[in-house]
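Taking it in order: structure first as structure tokens, then the write-up.
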Amino acid sequence: MPSTNPPAPAVTIAPEAAPVASPPPHRTPASAWVLLFTLATIWGTSFILMKKGLVVFSAMELGATRVTVAALLLLPFALKHLPQLERGRVKWLVLSGVVGTLIPAFLFAYAETKLASGLAGVLNALTAVFTLLVGALFFGQKLTPLRVLGIVLGLVGTVVLMLLGGSGGAATPSGEGNAWYGLYIVLATAGYGVSVNVIKNRLHGIPPLAVTGLLLLYIGVPAVLYLLLGTGFLYKLQHVPGAWTAFGYITLLATMSTAVAMVLFNKLIQQSTALFAASNTYIVPIMALAWGVLDGEAFNLWHLLGMVIILISVAIIHRAR
């Protein structure tokens with residue numbers, strides 16, 4: 001997975017030894033709910049955009065392009081705040097960027113070479129499960145028996161989707177898919193869980209735009225080098241029919257689902273709790289499945305059952321005390 005924080009000055013970061021997390025808010029502001037639904041809509045559309053980008057580009061090219069474009073978009077903001085950043089925060093920015101953005105960009109793209117985009121969106125709901133797990137293991141989050149039940153149900157729903165639901169059929173980019181590719185998404189959501197907790201507990205007080213721009217700056221450098229020197233991205237743009245259209249989908253994905261959404265998400269984390277921020281996963285699967293069905297992807301009762309089980313697990317995690 002209170003009163004709004006006062007406007008933060010330019011990046012001012014307390015020493016690492018000082019506490020950085022604010023106490024849990026008592027009341028979620030209306031602005032946090034608006035951010036939540038906006039994010040869910042944006043991220044629910046991202047899976048179909050990845051699918052369209054994979055028509056021409058490989059998973060590695062898509063992942064590198066996504067990170068590169070997002071990093072370039074926010075580069076001015078990153079350079080503005082970079083001189084004011086204390087060294088003690090750099091490692092947390094790099095950790096959040098690598099496990100919460102860079103690696104998932106490749107894992108999701110690779111999974112969708114064999115997995116229907118709608119099912120990828122459903123599995124994304126596991127973010128709330130891993131947010132709680134990581135919070136309990138490393139950040140003092142309370143792990144009650146009811147929340148353990150939620151975690152177990154989330155894993156059961158995942159197994160139902162991958163063992164019984166299938167991949168989504170021939171609508172995947174490469175034809176017949178392999179549902180076990182969903183494990184790549186499970187790993188990506190684990191990274192999201194780490195990132196959410198790091199932002200909430202180690203990067204509190206940094207303006208959301210600064211957090212996003214800086215972490216993209218650190219991971220954008222290796223992404224752009226790999227894209228230009230280690231892939232056939234430039235060749236495809238020049239010679240492969242439909243490459244510019246696919247690049248347009250990836251650019252839209254990078255702009256909205258990575259750059260803009262990350263800023264909004266970091267702001268949401270600072271206005272609420274890590275678990276509340278991760279609860280956008282209630283809506284994302286519905287949006288993702290809707291886009292998939294419109295694009296001709298299969299949706300059966302096993303898919304529905306798996307989604308319901310996962311969403312029930314998320315509900316238990318968020319409501320359990």
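- Of the listed residues (T68, L72, T101, V69), just one forms a side-chain contact (heavy atoms from CB on, under 4.5 Å) with L216, and that residue is T101.
- No side-chain heavy atom of T131 sits under 4.5 Å from any side-chain heavy atom of Q141.
- The side-chain contact (heavy atoms from CB on, under 4.5 Å) test with R66 singles out one residue from L253, L49, T251, and that residue is L253.
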Check against side chain to side chain contact (heavy atoms under 4.5 Å, CB included), L203 and L215: CA-CA 11 Å; L203 298 174; L215 69 83; 5.7 Å; no
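- Residues meeting the side chain to side chain contact (heavy atoms under 4.5 Å, CB included) test with W244, sequence neighbours left out: L237, F247.
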**Message:** Could you walk me through whether T189 and N124 satisfy the side chain to side chain contact (heavy atoms under 4.5 Å, CB included) test, starting with their C-alpha distance in whole Å, then the side-chain angles of each, then the deciding distance to 0.1 Å, before giving a yes or no?
**Reply:** CA-CA 6 Å; T189 56; N124 185 67; 4.2 Å; yes
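- Side-chain contact between V129 and T158 is absent, with no heavy-atom pair separated by less than 4.5 Å.
- The main-chain N or O of G191 is never found under 3.5 Å from a side-chain atom of S195 such that the two would form a donor-acceptor pair.
- No more than 12 heavy atoms of other residues, nucleotides or ligands lie within 6.0 Å of CG in L301, so this atom counts as exposed by the packing criterion.
- No side-chain donor-acceptor contact under 3.5 Å links T212 to the backbone of L209.
- When side chains are defined from C-beta on, V67 does not count as touching T258, because their heavy atoms never get closer than 4.5 Å.
- In the hydrophobic clustering of ILVMFWY residues, with side-chain heavy atoms under 4.5 Å counting as a link, V34 and I42 come out apart.
- Across all non-hydrogen atoms, the minimal contact from A259 to L73 is CB-CD1, 4.2 Å.
- Separating the CG atom in L39 from the CZ atom in F265 is a distance of 7.5 Å, to the nearest 0.5 Å.
- Remark: L268 CG to K200 NZ distance equals 9.0 Å, nearest 0.5 Å.
- Side-chain contact check for D295 versus S117: every heavy-atom pair is 4.5 Å or farther apart.
- Formation of a donor-acceptor pair under 3.5 Å by the W291 side chain with backbone atoms of G118 is not found in this model.
- One hydrophobic cluster, built from ILVMFWY side chains closer than 4.5 Å, holds both V260 and L74.
- Nearest heavy atoms, E297 versus A116: OE1-CB, 3.4 Å.
- Between Y110 and Y184, the angle of the ring planes goes over 60°, which puts this pair in the perpendicular group of the 30/60° scheme.
- Among all heavy-atom pairs drawn from M50 and E112, the shortest one is CE-OE2, 3.5 Å.
- Taken to the nearest 0.5 Å, the NE2 atom of H239 stands 11.0 Å off from the CG atom of L234.
- Residues V160 and I286 are members of separate hydrophobic clusters, defined by side-chain heavy-atom contacts under 4.5 angstrom among Ile, Leu, Val, Met, Phe, Trp and Tyr.
- By the rule that hydrophobic residues join a cluster once side-chain heavy atoms approach within less than 4.5 Å of another member, V134 and V98 end up as members of one cluster.
- By the 4.5 Å heavy-atom criterion applied to side chains, T45 and I48 are counted as neighbours.
- A single hydrophobic cluster is seen to contain both V90 and W92, as judged by linkage of ILVMFWY side chains at heavy-atom distances under 4.5 Å, directly or through other members.
- By the 4.5 Å heavy-atom criterion applied to side chains, F130 and V186 are counted as neighbours.
- With sequence neighbours excluded, the residues that form a side chain to side chain contact (heavy atoms under 4.5 Å, CB included) with T245 are Y249.
- Scanning both residues, V211 and L93, for their nearest heavy atoms gives O-CD2, 3.8 Å.
- Distance check: I185 CD1 to L107 CG gives 9.0 Å after rounding to the nearest 0.5 Å.
- Expressed to the nearest 0.5 Å, how far CG of L217 lies from CG of L79 amounts to 6.5 Å.
- In terms of heavy-atom proximity, K142 sits nearest to L132 at O-CD1, 4.1 Å.
- Pairing each heavy atom of L62 with each of A109, the nearest pair is CD2-CB, 3.9 Å.
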**Q.** Verdict with supporting geometry, I250 and F57, side chain to side chain contact (heavy atoms under 4.5 Å, CB included)
**A.** CA-CA 10 Å; I250 300 173; F57 296 102; 3.7 Å; yes
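- The structure places CG of L35 at 6.0 Å from CG of L264, a figure rounded to the nearest 0.5 Å.
- Considering only residues two or more places apart in sequence or on other chains, A288 meets the side chain to side chain contact (heavy atoms under 4.5 Å, CB included) condition with F47.
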Inset, instruction - With side chain to side chain contact (heavy atoms under 4.5 Å, CB included) as the test, would you mind laying out the steps for M256 and L252 before giving the verdict? - result: CA-CA 6 Å; M256 296 305 298; L252 182 59; 3.8 Å; yes
